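Written out below as structure tokens is the structure these notes cover.
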Amino acid sequence: MPTRDVNEKIADMFDTIADVLELQGDIPYRIRAYRNAARTIRDLPQPIEEVAREGKLEDLPGIGKDLAAKILEYLETGRMSKYEEVVSQVPPGLIELLHIPGLGPKRVRLLHERLGISDLEDLRRALDSGRIETLPGMGKKTVENIRRGLALYEASKERMPLGRALPIAEEIARQIDALPGTARVVIAGSARRMKETVGDIDILTIAEDGEATIQAFVRFPQVRDILAAGDTKGSVVLHNGLQVDLRVVPPESYGAALHYFTGSKAHNIKIRTIAREQGLKVNEYGIFRGEERIGGEEEADVFRVLGMPWIPPEMREDRGEIEAALEGRLPTPVSLDDIRGDPHVHSKWSDGANTIRELAQAARARGYEYIAVTDHSPRVRVAGGMSVEKVWQRQKEIEALNREFDDFRILSGAEVDILPDGSLDYPDEVLAALDLVIVSVHSGFKMSREEMTRRILRALENPYVHILAHPTGRLIGQREPYPVDLEAVLRRAAELGVAVEINGYYLRLDLDDVNAHLAKELGCTISLGTDAHQVDHLSMMRYAVGVARRAWLEPQDVLNTKSLPDLLAWLQRRRSG
DNA sequence: GCCGTTTTCGGCCCGACTGTTTTCAGTCG
């Protein structure tokens, strides 16, 4: 069975080939070609084997005759001779050194050729012995930078989940905003694009006195190390290890700089290429025709001069958004304002921290029309799963609460465990009495791909099921997705009218952006749920929306953009049909 | 190595910062 694991594998091989070619001083354009191809394959929603089978490898952007042949070779033989050839030419540990900030191909090569440094351990020893300073072009400061780069690399091998990093960034932005002379402040970079993890935080500001702003910034209490502090740029590492860069930009360049520092890099490259074709130049200072500045104060200027509408940051990954914008078919992605309720919330009846009343009040205060309280079923013992008896008791409480509200509705729901054989953890008569039934896998992850697929497919067949939650079970930075033929699951869900979830809990974000896009293409309805276990978690809806926007989902693709009457009709549809 | 209503060769995004350079190389975003 083809899987996207193979995509990852081939993308990694191409990236490694690019690394080695860099070390060998090959021409930059060939190196870039490998990197572009790696990115294309990594972002591909379907297994590359399918593309290969249809003979469409060369239709993929950045894949030509040569790379298509290499992919085919790997798919057919399990090996790629170019990869094996280049990898055998360098010591295995040398490639990793390229990933240390401050070390590029030239310096790694110098270290290797002159000092015999071949891996992290060699580098650490050479730093301690002071030998590196004897090399040409390696002064004390460069060596010190490499030392810091090594520490940074080891400390931050893992990127920080967006749900941790964004609140930290927002707090720092607030502190900058409170400084005297700050006119504007905005978070840019991958955090603005709502990428599921971020490597560092980029913040832009317009300030009267750049130097004073930077000096204040590097003295914020969260700061552990100051990496740079000039009059337009400051760079720090916080106590939690997160790197934050602050840039002071002039008002006339604000929009151009915001676009530039939001990225992604691939998106920016394509924008600049298109600008060049039109005889324009786009950089972080503005948009220029010859010497003449024709825009740059607002971000929309960048897109307008190139003849396209403003593209939402979450879509700027060079996954076709620029072409879509130019052709006037850029979707308007779902936004937080479109969300009318939260269909996945836990109360004290299972492992939630708050009462149903507290959850309802918090949801109502957010402007929602409804929530579904979806406590766990008994099998999930660690989560205080509800016995059938408790389901009936809870039902009474919900009915009583609903009589108190005339502009808000609590739906009685459950997150029902999918047992290893694919049956559900409540009998049908209980499911039938619930307004909204979520199903999900919480245990028995270690089955084969075929068994897991069969298990989930069987659960979907139950006519009382409305939503499949966190369909891959992954936890960012903690647990890989369980093996499953996700495409088969999504296909069947679309046929049966079962919605699939983008779980907004910051460690889940499951489905992810690529799979959520695939789900849309296959015709699935998608439910954005927070899986909140306390009232504060209701705010994680913004992460679910972020993933949805990265997946190009529009309001009509999303279950909980429906009004309460429309939602109730949708919930009834499968049961009555 | 890819790509093409400026096509099959000759391009390929581009500026800043840092350190060590005496005019610029290496790295980064």
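Sequence lines set the chain letters: A, B, ... in the order given, protein chains first and strands last, and positions in each chain run from 1. All values derive from a computational prediction rather than experimental measurement.
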Subject >> K106(A) side-chain proximity, nearest of dG1(B), dC14(B), dT27(B) >> reply: dT27(B)
Subject >> Integer angstrom distance from the C1' of dC9(B) to that of dC14(B) >> reply: 24 Å
Original post:
Using the P atom in both, what is the distance from dT18(B) to dC13(B), to the nearest Å?
Top reply: 25 Å
**OP:** Hunt down the Watson-Crick or G-U wobble partner of dT27(B), both distances under 3.5 Å, from any strand shown, or write none.
**Re:** dA16(B)
Original post:
Are there more than 12 heavy atoms of other residues, nucleotides or ligands under 6.0 Å from atom NZ of K82(A)?
Top reply: yes
Subject >> Cationic N near anionic O, under 4.0 Å, E292(A) to R289(A) >> reply: no
Subject >> Euclidean distance, atom CZ of residue R148(A) to atom P of dT18(B) [Å, nearest integer] >> reply: 11 Å
Original post:
Between dT20(B) and K140(A), is there an OP1 or OP2 to side-chain N/O distance shorter than 4.0 Å?
Top reply: no
Subject >> N-glycosidic conformation, dT7(B) - syn within 90 degrees of 0, else anti >> reply: syn
Original post:
Once you round it to whole Å, what is the distance between C1' of dT20(B) and CD1 of I146(A)?
Top reply: 13 Å
**OP:** Kindly check if the number of other-residue, nucleotide or ligand heavy atoms within 6.0 Å of CZ (R124(A)) is above 12?
**Re:** yes
Subject >> Along DNA chain B (nearest heavy atom to each residue), the more 5'-positioned of D245(A) and A228(A) >> reply: A228(A)
Original post:
Of the candidate nucleotides dC14(B), dG29(B), dG1(B), which contains the atom at the shortest distance from the side chain of K82(A)?
Top reply: dG1(B)
Original post:
Hey, is R125(A) close enough to D128(A) for a salt bridge, meaning N to O under 4.0 Å?
Top reply: no
Original post:
Are V186(A) and I203(A) close enough that some pair of their side-chain heavy atoms sits under 4.5 Å apart?
Top reply: no
**OP:** Quickly work out the D59(A) CG to dC3(B) P distance and round it to whole Å.
**Re:** 10 Å
Original post:
Quick one: do D318(A) and R39(A) make a salt bridge, cutoff under 4.0 Å?
Top reply: yes
**OP:** Specify the residues of residues 256-267 of chain A, ordered by number, for which at least one heavy atom lies under 4.0 angstrom from an atom of DNA chain B.
**Re:** Y260(A), K265(A)
Subject >> Sugar-phosphate, base or nothing in reach of G230(A), heavy atoms under 4.0 Å >> reply: nothing
Original post:
Nearest nucleotide by nearest heavy atom, which residue falls closer to the 5' end of DNA chain B, L227(A) or I100(A)?
Top reply: L227(A)
Subject >> Distance below 4.0 Å between K233(A) side-chain N/O and dG29(B) OP1 or OP2 >> reply: no
Original post:
So does T142(A) get a side-chain nitrogen or oxygen closer than 4.0 Å to the phosphate oxygens (OP1/OP2) of dT20(B)?
Top reply: yes
Original post:
Taking atom P in both dC12(B) and dT7(B), what distance in whole Å separates the two?
Top reply: 15 Å
Subject >> dG1(B) and dT5(B), which share atom name C1', separated by this distance in whole Å >> reply: 24 Å
Original post:
Does any non-hydrogen side-chain atom of M13(A) lie less than 4.5 Å from one of T16(A)?
Top reply: no
Original post:
Picking from R550(A), R508(A), R474(A), what satisfies salt bridge (charged side-chain N to carboxylate O under 4.0 Å, His left out) with E196(A)?
Top reply: R474(A)
**OP:** Take the protein atom NZ of K270(A) and the nucleotide atom C1' of dC14(B), then report the distance between them rounded to whole Å.
**Re:** 18 Å
Subject >> Residues S253(A) and E284(A): side-chain donor-acceptor under 3.5 angstrom >> reply: no
Subject >> Taking every non-hydrogen atom, the tightest pair across N268(A) and Y260(A) >> reply: ND2-O, 2.8 Å
Original post:
Taking the same atom, C1', in dC3(B) and in dT8(B), what whole-Å distance lies between them?
Top reply: 10 Å
Subject >> Ion pair check, R79(A) and E84(A), cut-off under 4.0 Å >> reply: yes
Original post:
When rounded to the nearest Å, what value does the distance between P atoms of dT21(B) and dG15(B) take?
Top reply: 27 Å
Original post:
Does the side chain of N145(A) get closer than 4.0 angstrom to OP1 or OP2 of dG19(B) through an N or O atom?
Top reply: yes
Original post:
Atom CD of E277(A) and atom C1' of dT7(B): how far apart are they, to the nearest Å?
Top reply: 13 Å
Original post:
Say you pick atom P in dC17(B) and the same atom in dT22(B); how far apart are they, in whole Å?
Top reply: 22 Å
Original post:
Taking OP1 and OP2 of dC17(B), is either one under 4.0 Å from a side-chain nitrogen or oxygen of T232(A)?
Top reply: yes
Subject >> Atom-pair distance (CZ on R276(A); C1' on dC13(B)), nearest Å >> reply: 8 Å
**OP:** Pick the P atom in dT23(B) and in dC28(B), then give their distance to the nearest Å.
**Re:** 25 Å
**OP:** Nearest whole angstrom, please: distance from the P of dC14(B) to the CZ of F288(A).
**Re:** 13 Å
Subject >> K141(A) NZ - dT20(B) P separation (whole Å) >> reply: 7 Å
Original post:
Residues from residues 19-39 of chain A sitting under 4.0 Å of DNA chain B, heavy atoms only?
Top reply: I27(A), Y29(A), R30(A), R32(A), A33(A), Y34(A)
**OP:** Using a strict 4.0 Å threshold on nitrogen-to-oxygen distance, state whether E299(A) and R316(A) make a salt bridge.
**Re:** yes
